[in-house]
Amino acid sequence: MDRDSQSRVVARLRSAFRSGVTVPEQFRLTQLSNLLALVRENEQLILDAVHKDLAKPKFEAVLSEIDIVANELYHAIDNLSSWMQTNYVTKNLATKVDDAFVRWEPLGVVLIIGAWNYPLQVILIPLVGAIAAGNCAIVKPSEISTATESLLADLIPKYLSQDCYAVVRGGPEETKALLENRFDHIFYTGSQQVARKILQAASVHLTPVTLELGGKCPCLIYGRVNIATTARRLAWAKFFNTGQSCVAPDYVLCSPETRDALLPALRKVLEDFYSKEPQKSPDLGRIVSDGHWTRLVELLGKTRGKVVLGGENHQEDKYIAPTVVVDVEESDVLMEQEIFGPILPFLTITSLEEGIDFINRREKALALYVFSEESSVVTTVMENTSSGGFCSNDGIIHMCLPTLPFGGVGASGFGCYHGHWSFETFSHRRGCLLRGWALERINGLRYPPYREDSLSWLRWTVSGKKTSCTLM
């Protein structure tokens, strides 16, 4: 789609928004219900598309592409009426007889740019929030996940209002051209490198932006732990979607003793999960592209750590075995950037304080995980670190709750979504004060000519301090 065609799409959606068609609750509910039908009625097509893009197993695809979106839709449909309610606020004496409230108003025409690793989820969950908040929306799926991109371009116009929602396809050049248009909000999921370009483009129109990025999510294991359970949960969180998750544990911090206990447990777990020949396992996906496969294999070739599990790879199949690397130093190549693949480095620490200090020296991650049977350890880590999200004794699970905000902080992004948080992201909170004609005696205190006694009384009427006095 060329620049002119993109501009016409934006103009069409802006005209629809200005008509007010997206504002009524019933319209929003109808579109949300239609989106739910899109997901439910095309489950097999979705499964086929994400398998073609990532060789994603059906089990993982159902959980991370279909059900997570459907659950967001059920949650939004059930709660939309309450979300849209006007919120009345407390008042001072000067506004006692007036109405003061916050209205939730749609922003306008928003742009949602998705990523390739969860190509359906990261487009449709933000879209749920955009629709619920009463916006028109353009979605730009990742061109890397070509099968899912094509499927969304085919299905969305069939299920949603074509006047209010559109799909734009293309690569970096088309995205660059699209960003030249003025939007009322841009929601981007992807890399920090591209995020900087998004921000530069948005600054031209002073467009607000939500960035869902990533980073190196630490996993701190300390104190008493159930080794077998820790190994299962850690391996599942890390190697789900072949490690291509922005919230996957990126590296492990633990004592040498814990590491030595975990390694045989991880070996057993990986054989249980994927058999002794994981390349033949139907439950292990593939790396998304040749370029990403090459990047990961080069990391394994450059690391000064020791590969103790996995490491096997096959370029034509875009396969890399679940891999564990030990004796990794902070300066190692594996610690320079988010790995985004099935490679798990282990670094050792000698105290909890050392682990916390290590985490705090680095950029804030999208998620932080701590495994420990000691609640004091969990609390200490939670209260002395910062990250987008936090989960103890498991991984990834926290992002499945629509009642929790999901988003980054610092270099891992800003803004959040899921559930009501999506509704807030795509809404303007409009503060409103409806004044009547009463209490003009109080209003008279603010009119010229100004007097010291009037100022004293006026300050008292707008004071936030509680008082038992009443001004008549």
Side-chain angles (χ1 to χ4, degrees), residues 1 4-43 45-46 49 65-66 69-81 83-84 103-114 119-141 148-170 174 178 181-187 207 210 417 419-420 422-428:
M1 185 180 292
D4 291 340
S5 298
Q6 291 178 351
S7 297
R8 285 194 293 271
V9 171
V10 175
R12 184 182 81 232
L13 269 61
R14 194 164 296 285
S15 176
F17 177 75
R18 288 174 177 165
S19 75
V21 66
T22 63
V23 175
E25 179 181 345
Q26 188 54 54
F27 177 87
R28 306 184 198 190
L29 287 172
T30 298
Q31 298 304 308
L32 291 171
S33 297
N34 290 347
L35 190 56
L36 181 60
L38 181 156
V39 174
R40 288 305 187 205
E41 293 174 7
N42 298 280
E43 183 167 310
L45 290 176
I46 294 169
E65 305 282 7
I66 295 173
V69 174
N71 289 337
E72 284 281 339
L73 281 159
Y74 288 128
H75 185 70
I77 290 169
D78 289 346
N79 292 281
L80 181 61
S81 182
W83 292 349
M84 292 177 63
R103 281 172 51 88
W104 298 91
E105 298 186 347
L107 297 174
V109 178
V110 303
L111 172 63
I112 298 169
I113 303 176
L120 192 88
Q121 177 200 141
V122 298
I123 283 289
L124 296 192
I125 291 184
L127 182 59
V128 171
I131 294 173
N135 299 281
C136 291
I138 290 178
V139 299
K140 166 61 182 68
T148 307
E149 176 196 35
S150 178
L151 182 63
L152 286 169
D154 179 56
L155 293 180
I156 285 179
K158 293 180 180 178
Y159 283 84
L160 300 183
S161 167
Q162 294 186 32
D163 291 329
C164 302
Y165 312 103
V167 181
V168 171
R169 301 178 62 178
E174 288 80 7
L178 182 61
N181 294 278
R182 182 176 69 82
F183 292 96
D184 298 290
H185 195 91
I186 298 173
F187 190 106
T207 301
T210 299
Y417 71 125
H420 185 264
S422 297
F423 180 83
E424 288 194 8
T425 289
F426 289 105
S427 295
H428 169 58

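Note that the structure is predicted; figures quoted are calculated from it, not measured. This chain uses plain numbering: 1 for the first residue, then up along the sequence.
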Dump the intermediate steps for side-chain contact (heavy atoms from CB on, under 4.5 Å) on Thr30 and Gln26, then the final yes or no.
CA-CA 6 Å; Thr30 298; Gln26 188 54 54; 3.4 Å; yes

Considering residues at least two apart in sequence or located in another chain, which fulfil the salt bridge (Lys or Arg N to Asp or Glu O under 4.0 Å) criterion with [X]?
| X | value |
| --- | --- |
| Glu41 | none |
| Glu174 | none |
| Arg12 | none |
| Glu72 | none |

Parallel under 30°, tilted from 30 to 60°, perpendicular over 60°: which one fits the rings of Tyr417 and Phe187?
perpendicular

[X] and [Y]: which non-hydrogen atoms are nearest, and at how many Å?
| X | Y | answer |
| --- | --- | --- |
| Phe423 | Trp83 | CE2-O, 3.4 Å |
| Gln162 | Leu13 | O-CD1, 4.3 Å |
| Arg182 | Val10 | O-CG1, 4.2 Å |
| Ala153 | Arg169 | CB-CD, 3.5 Å |
| Val69 | Gln121 | CG2-CA, 3.9 Å |
| Leu152 | Pro119 | CD1-O, 3.9 Å |

Looking at residues at least two apart in the chain, or sitting in another chain, which of them share a side chain to side chain contact (heavy atoms under 4.5 Å, CB included) with [X]?
| X | answer |
| --- | --- |
| Asp154 | Lys158 |
| Ser7 | Asn181 |
| Arg40 | Leu36, Glu43, Ile66, Asp67, Ala70, Tyr74 |
| Arg8 | Asp4, Ser5 |

CG of Leu73 to CG of Asn34: how many Å apart, nearest 0.5 Å?
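One finds 10.5 Å between CG of Leu73 and CG of Asn34.
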
State the CG-CG distance between Leu155 and Leu38, to the nearest 0.5 angstrom.
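If we round to the nearest 0.5 Å, Leu155:CG and Leu38:CG are 5.0 Å apart.
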
Please check this pair: side chain of Ser15 against backbone of Ala11, looking for a donor-acceptor N/O pair closer than 3.5 Å.
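Not confirmed, Ser15 side chain does not pair with Ala11 backbone.
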
Can a donor-acceptor pair be found, under 3.5 Å and without considering hydrogens, that links the side chain of Ser427 to the backbone of Glu424?
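Not confirmed, Ser427 side chain does not pair with Glu424 backbone.
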
Sort and list the pairs that fulfil salt bridge (Lys or Arg N to Asp or Glu O under 4.0 Å) and have at least one residue in residues 104-114, not counting sequence neighbours.
Arg103-Glu105, Glu105-Arg430

What salt bridge (Lys or Arg N to Asp or Glu O under 4.0 Å) pairs are there with at least one residue in residues 14-27, not counting sequence neighbours?
Arg14-Asp184

What's the verdict on side-chain contact (heavy atoms from CB on, under 4.5 Å) for Asp163 and Val21, showing C-alpha distance, side-chain angles and the deciding distance?
CA-CA 10 Å; Asp163 291 329; Val21 66; over 6 Å; no

For His185 and Val109: C-alpha separation, side-chain torsions, deciding distance, then whether side-chain contact (heavy atoms from CB on, under 4.5 Å) applies.
CA-CA 7 Å; His185 195 91; Val109 178; over 6 Å; no

Please list, chain by chain and in numerical order, all residues satisfying side-chain hydrogen bond (donor to acceptor under 3.5 Å, both in side chains) with Thr148, sequence neighbours excluded.
Asp53

Less than 3.5 Å apart, which donor and acceptor atoms pair up between the side chains of residues 122-141 and the rest of the protein, not counting sequence neighbours?
{"unit_1": "Asn135", "atom_1": "OD1", "unit_2": "Leu107", "atom_2": "N", "d": "2.7"}
{"unit_1": "Asn135", "atom_1": "OD1", "unit_2": "Gly108", "atom_2": "N", "d": "2.9"}
{"unit_1": "Asn135", "atom_1": "ND2", "unit_2": "Ala130", "atom_2": "O", "d": "3.2"}
{"unit_1": "Asn135", "atom_1": "ND2", "unit_2": "Phe426", "atom_2": "O", "d": "2.9"}
{"unit_1": "Lys140", "atom_1": "NZ", "unit_2": "Glu143", "atom_2": "OE1", "d": "3.3"}
{"unit_1": "Lys140", "atom_1": "NZ", "unit_2": "Gly170", "atom_2": "O", "d": "2.8"}

